[in-house]
There are 2 protein chains.
Amino acid sequence: MQLSTLCLGLLLAEPMTGYALKGKVIGTLGHFQHASFGALYPALGSLEAGRFVTSDRSGSTGLGKRLYAITESGRGEFTERLAEVSAAENFRSDFLSALYFADQLALDDIERLIDERLANHRAERRRLLALPIASMTEGQRFTVRYALSMRNAAIEFLHGEGRASVAVIRHERY
Amino acid sequence: MQLSTLCLGLLLAEPMTGYALKGKVIGTLGHFQHASFGALYPALGSLEAGRFVTSDRSGSTGLGKRLYAITESGRGEFTERLAEVSAAENFRSDFLSALYFADQLALDDIERLIDERLANHRAERRRLLALPIASMTEGQRFTVRYALSMRNAAIEFLHGEGRASVAVIRHERY
DNA sequence: GGAGACATGTAAGTGGTTACATGATTTC
DNA sequence: GAAATCATGTAACCACTTACATGTCTCC
């Protein structure tokens, strides 16, 4: 799903600045989407060009704060785009790519990679657990629980089999 | 990890055509990487320009079959690139993006999305289970088991909580 | 000689990222 | 008045994807 579609959906709830929009994406959709300013502002610009959002500039000097609001046509566009999304997931892992070539890697590097990945998963699990579940819609809670169950599976795997695998590789080598 | 790095690693084992390289990526790294010809041939071209691979054209007429082989400098380059990879994973999900906005979606669409995702996970699990585990290195087996444990977690979640969530949404609406 | 797999490539476009540049507002 | 956070934007680049165009080899 494109960032612009995400913006449309988020603006359904209330008008927001681009900056706030980025915070929302990172904060509440961060477990399956990303956003950078370099992508966000151009996206908002083209959304405005298509009259799917309007923007209200409060300050008049230079770059003022800009409040984006969705239009009627924007609502229609969002509904249309949402109905078209597939159930696809896009997973790319440098971690697994490296481990695939584990036989070319030093044991230290393999262990470092696994520990790093484990730390990342745990940090993300903490973040997910700290989310304000109570104030979310059921759909939003669903995404959090889904992400959580994936993280848990990954942590469990890496903690158990991951270390076992390193032992096998060590044994193969010496 | 870039496609060109992957190619380098795969060519370590034996010289191959671009076509075979793509088959390898899709077949044995498909659970965490992608490859299209439009990306592959330019990548091989720049690898050759950097003298990291050589190519041997067998047929002389037009576009002949081209066997790519890694050079000594290519081996060095691969080792260097491999040592630099981080444990990062890049996960983007249109599925979760849509579910995040479940309150804007018809119940039928929600169910369709979950069923589709479930079918995808199961198909991928079957594919992973059919892989020739015995002839793989321990690192390669590791990536398969990791992917498998993630798929299993997703299937279990969607099969159980997924349906429960739909029931909650249905209940909220009527 | 037709079908289907094998095989190579290009061009245009996409949806970003990274780095940079700037300025406003709040808090101590 | 310094530092941090809030805020907007551009330019260059990147690693792809999609669609297209072409041709070969093998098997029936």
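Throughout, a chain's letter reflects where its sequence line sits, starting with A, and its residues are numbered from 1. Scope of the values below: all heavy atoms of this structure, side chains included, with no hydrogens, waters or symmetry mates. Just so we're clear, the structure is a prediction, and the values are computed from it rather than from any experiment.
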Rounded distance in Å - CG (B:Leu47) to P (D:dC16): 12 Å
Going by chain and number, the hydrophobic cluster around A:Leu128 (ILVMFWY, side chain to side chain under 4.5 Å) further includes A:Leu129, A:Leu131, A:Ile133, A:Met136, A:Val144, A:Leu148
To the nearest angstrom, how far is A:Leu21 atom CG from D:dC6 atom P? 15 Å
Between CG of B:Asp56 and P of C:dT8 the distance, given in whole Å, is 12 Å
For A:Leu44 and C:dG16, give me the distance from atom CG to atom C1', rounded to whole Å. 14 Å
Tell me which of A:Leu40 and B:Gly18 sits closer to the 5' end of DNA chain C, going by the nucleotide each one is nearest to. B:Gly18
Please tabulate the protein-to-nucleotide N/O contacts below 3.5 Å involving nucleotides 10-15 of chain D, giving atom names and distances.
none

Atom-to-atom span, CG of A:Asn90 to C1' of C:dG16 - whole angstrom: 13 Å
Taking CD1 from B:Ile26 and P from D:dC16, how many angstroms apart are they, rounded to a whole number? 13 Å
Hey, what's the ring geometry for B:Phe37 with B:Tyr19, parallel, tilted or perpendicular (30° and 60° as the breaks)? parallel
Looking at B:Arg127, I'd like to know if its CZ atom is crowded, meaning that more than 12 non-hydrogen atoms belonging to other residues, nucleotides or ligands lie closer than 6.0 Å. yes
Can you tell me how far CD of B:Glu161 sits from OG of A:Ser149, rounded to the nearest 0.5 angstrom? 7.5 Å
Please classify the nucleic acid contact of B:Ser36 as base, sugar-phosphate, or nothing, using heavy-atom distances under 4.0 Å. base
Rounded to whole Å, how long is the line connecting atom OH of A:Tyr19 with atom P of D:dT8? 10 Å
Does a side-chain N or O from A:Arg66 land closer than 4.0 Å to OP1 or OP2 of C:dG23, or not? no
Can you tell me how far C1' of C:dA24 sits from CZ of A:Arg57, to the nearest Å? 12 Å
Between A:Tyr146 and B:Phe95, ring centroids under 6.0 Å: yes
Can you confirm if the aromatic rings of A:Phe101 and B:Phe78 lie within a centre distance of less than 6.0 Å? yes
Any salt bridge (Lys or Arg N to Asp or Glu O under 4.0 Å) pairs touching residues 89-104 of chain A, not counting sequence neighbours? A:Glu89-B:Arg117
